[in-house]
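These notes concern the structure reproduced below.
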Protein chains: 2
Amino acid sequence: MTEDEEGLPLADRLARHIRTLLISGELSPGQRLSEAAFSERFDVSRNSLREAFRLLTKDGLLRHEANRGVFVTVPSMASVIDIYRVRRMLECGALRQAWQQHPAIRVMREAVAEGQKKRNAGDWVGVGSANMIFHTAIIDLSDSARLTEFYERISAELRLCFGLLNDPEHLHSPFVDMNDAIVTLLEQGKSAEAAAQMETYLNLAERTMLKALERAEQA
Amino acid sequence: MTEDEEGLPLADRLARHIRTLLISGELSPGQRLSEAAFSERFDVSRNSLREAFRLLTKDGLLRHEANRGVFVTVPSMASVIDIYRVRRMLECGALRQAWQQHPAIRVMREAVAEGQKKRNAGDWVGVGSANMIFHTAIIDLSDSARLTEFYERISAELRLCFGLLNDPEHLHSPFVDMNDAIVTLLEQGKSAEAAAQMETYLNLAERTMLKALERAEQA
DNA sequence: ATGGAAATATTGTTGAACAATATTGACATT
DNA sequence: AATGTCAATATTGTTCAACAATATTTCCAT
């Protein structure tokens, strides 16, 4: 908790901190989060910690079992399928009705450039980050605070899935060029085509993810 | 807290209870919710109550001001606009890709019938309930647990807006026939047309809502 | 080994405490 | 009467300790 987080309530800061541990893979799916251990670790009271746990449970990152404690959510095939269903709805929808001059398009273009650069440098983590920025920008096309917040939640959940994979980084690389094609279509005002292309993209990504997850589960 | 709520954590039960108070209008927008008063009222500890408050704050129903307490969210024009943006994305999207045999279509059809019946009986609250069921069923067309949950949150927020209106019930009545048309299109497999119709519906509803809100704000 | 009962640990919830911040009220000045 | 200041009061933010209820582990008898 060394960051300069302002006067936010302790529970919120805690939740944010634990969320970073979750999406960075420092806490593994299925792991139990003991109240005693974590309140000790973060030097906060059990009560404050419990508030944070509740927040994260509502986000789907933790699972709560009565009288047994909270556990890091174990992503399932079903959750992956559901998450991609949401992504198709939100991302394709945002693209379809996108305004050609929307500032988010510039962000998308820059994210594509960044992704290509990182890929050429063999920096797979960098490719993943650029990809994330790209998709967040797509949601921003819809100019909705609530959709943006919701997508953040979905996105965190998806990153939990990546934690289960062996070499998650390579998953992103094949998609850099598709991103390029999509933003190009948008720049040309072909939003319907961009949306269609994104649907193909997401279906492919979903299959890849499911396949990787299947392999990981067998091991 | 007389209901038969199972072994759910106290904070969750509390949050649910307070949520019903919020959407039923028993707590007014802007009102401050004192920790002392409410923990007394519900006969729970301040700690448990605070957990519930945090949950509802995350849902957008309460607003949290540091060192000042929690207040019932005051819906703004901006929030109404955002909420309808979300609804267009979710509901139109769900309709567009709806499968003609989806069980939710039957629910929609029944909700329309119920709405017509209630309207003829002059039961405006009943019309509102039927309308709510109708739209929830539309989201169910997308078969996504996460979208369903998200829509519940949006829906609760919208009901908070209705609390600001003078005669909120009449708002729903004009829409019963549009619902009829939409579900009829769906039954005929014309999902694109249904989606288009819904967009018109939502734009109209949004304008009506904004106008009503404007009137209410002046008073 | 296996089943079950006692011992132990963990969560669920409460109540009291105290620091930090906000609100109120009294008082003096203009 | 209006306004600014400062003390008094109330509220939130957070911690701690306690205890009941439920799980888990240990240990013993079979």
Side-chain angles (χ1 to χ4, degrees), chain A residues 1-22 27-74, chain B residues 1-22 27-74:
Chain A
M1 216 85 46
T2 51
E3 299 106 73
D4 59 316
E5 312 200 274
E6 327 83 82
L8 280 165
L10 179 55
D12 294 6
R13 292 186 322 238
L14 269 174
R16 252 212 276 184
H17 187 223
I18 298 174
R19 182 182 288 114
T20 65
L21 296 181
L22 287 167
L27 300 173
S28 321
Q31 182 181 343
R32 170 157 158 272
L33 271 40
S34 147
E35 295 186 356
F38 274 73
S39 60
E40 170 94 10
R41 172 169 173 181
F42 299 132
D43 197 39
V44 299
S45 73
R46 263 181 73 209
N47 286 325
S48 301
L49 184 67
R50 282 170 62 88
E51 290 185 26
F53 278 175
R54 236 166 252 300
L55 260 358
L56 292 166
T57 298
K58 202 166 168 68
D59 272 348
L61 296 177
L62 299 181
R63 203 166 33 84
H64 195 137
E65 290 184 31
N67 292 311
R68 294 193 6 97
V70 300
F71 301 78
V72 179
T73 299
V74 181
Chain B
M1 216 81 47
T2 50
E3 299 104 74
D4 60 317
E5 314 202 270
E6 327 83 80
L8 279 165
L10 178 55
D12 294 5
R13 291 185 322 233
L14 269 174
R16 251 211 278 183
H17 188 224
I18 298 174
R19 182 182 289 113
T20 65
L21 296 182
L22 286 166
L27 299 173
S28 322
Q31 182 181 343
R32 170 157 159 273
L33 271 41
S34 148
E35 295 186 355
F38 274 73
S39 60
E40 170 92 7
R41 172 169 173 182
F42 299 132
D43 197 39
V44 298
S45 73
R46 265 181 72 210
N47 284 323
S48 300
L49 184 67
R50 281 170 63 86
E51 290 186 26
F53 278 174
R54 238 170 249 302
L55 260 357
L56 293 166
T57 298
K58 200 167 169 68
D59 272 347
L61 296 177
L62 299 181
R63 202 165 35 83
H64 195 139
E65 289 184 31
N67 292 310
R68 294 196 1 99
V70 300
F71 302 78
V72 179
T73 299
V74 181

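Here the structure is a predicted model, which means the values were calculated and not measured. Order of the sequence lines fixes the chain letters, A, B, ..., with proteins taken first and strands second; residue numbering starts at 1 for each chain.
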When you check every protein heavy atom under 4.0 Å of nucleotides 5-17 of chain D, what one-letter string (B, S, -) results, 5' to 3'? ------SBBBBB-

What pairs with A:Q31 under side-chain contact (heavy atoms from CB on, under 4.5 Å), at least two apart in sequence or on another chain? A:L27, A:S28, A:L33, A:V72

Using the ring-ring contact (aromatic ring centres under 6.0 Å, His included) criterion, which residues pair with A:F38? Sequence neighbours excluded. A:F42

Measure across B:A15 and B:A52 and return the closest heavy-atom pair with its distance rounded to 0.1 Å. N-CB, 3.8 Å

Below 4.5 Å, heavy atoms only, C-beta onward: do A:R46 and A:L49 meet side chain to side chain? no

Please report the closest heavy-atom contact between A:A36 and A:S39, naming both atoms and the distance. O-OG, 3.1 Å

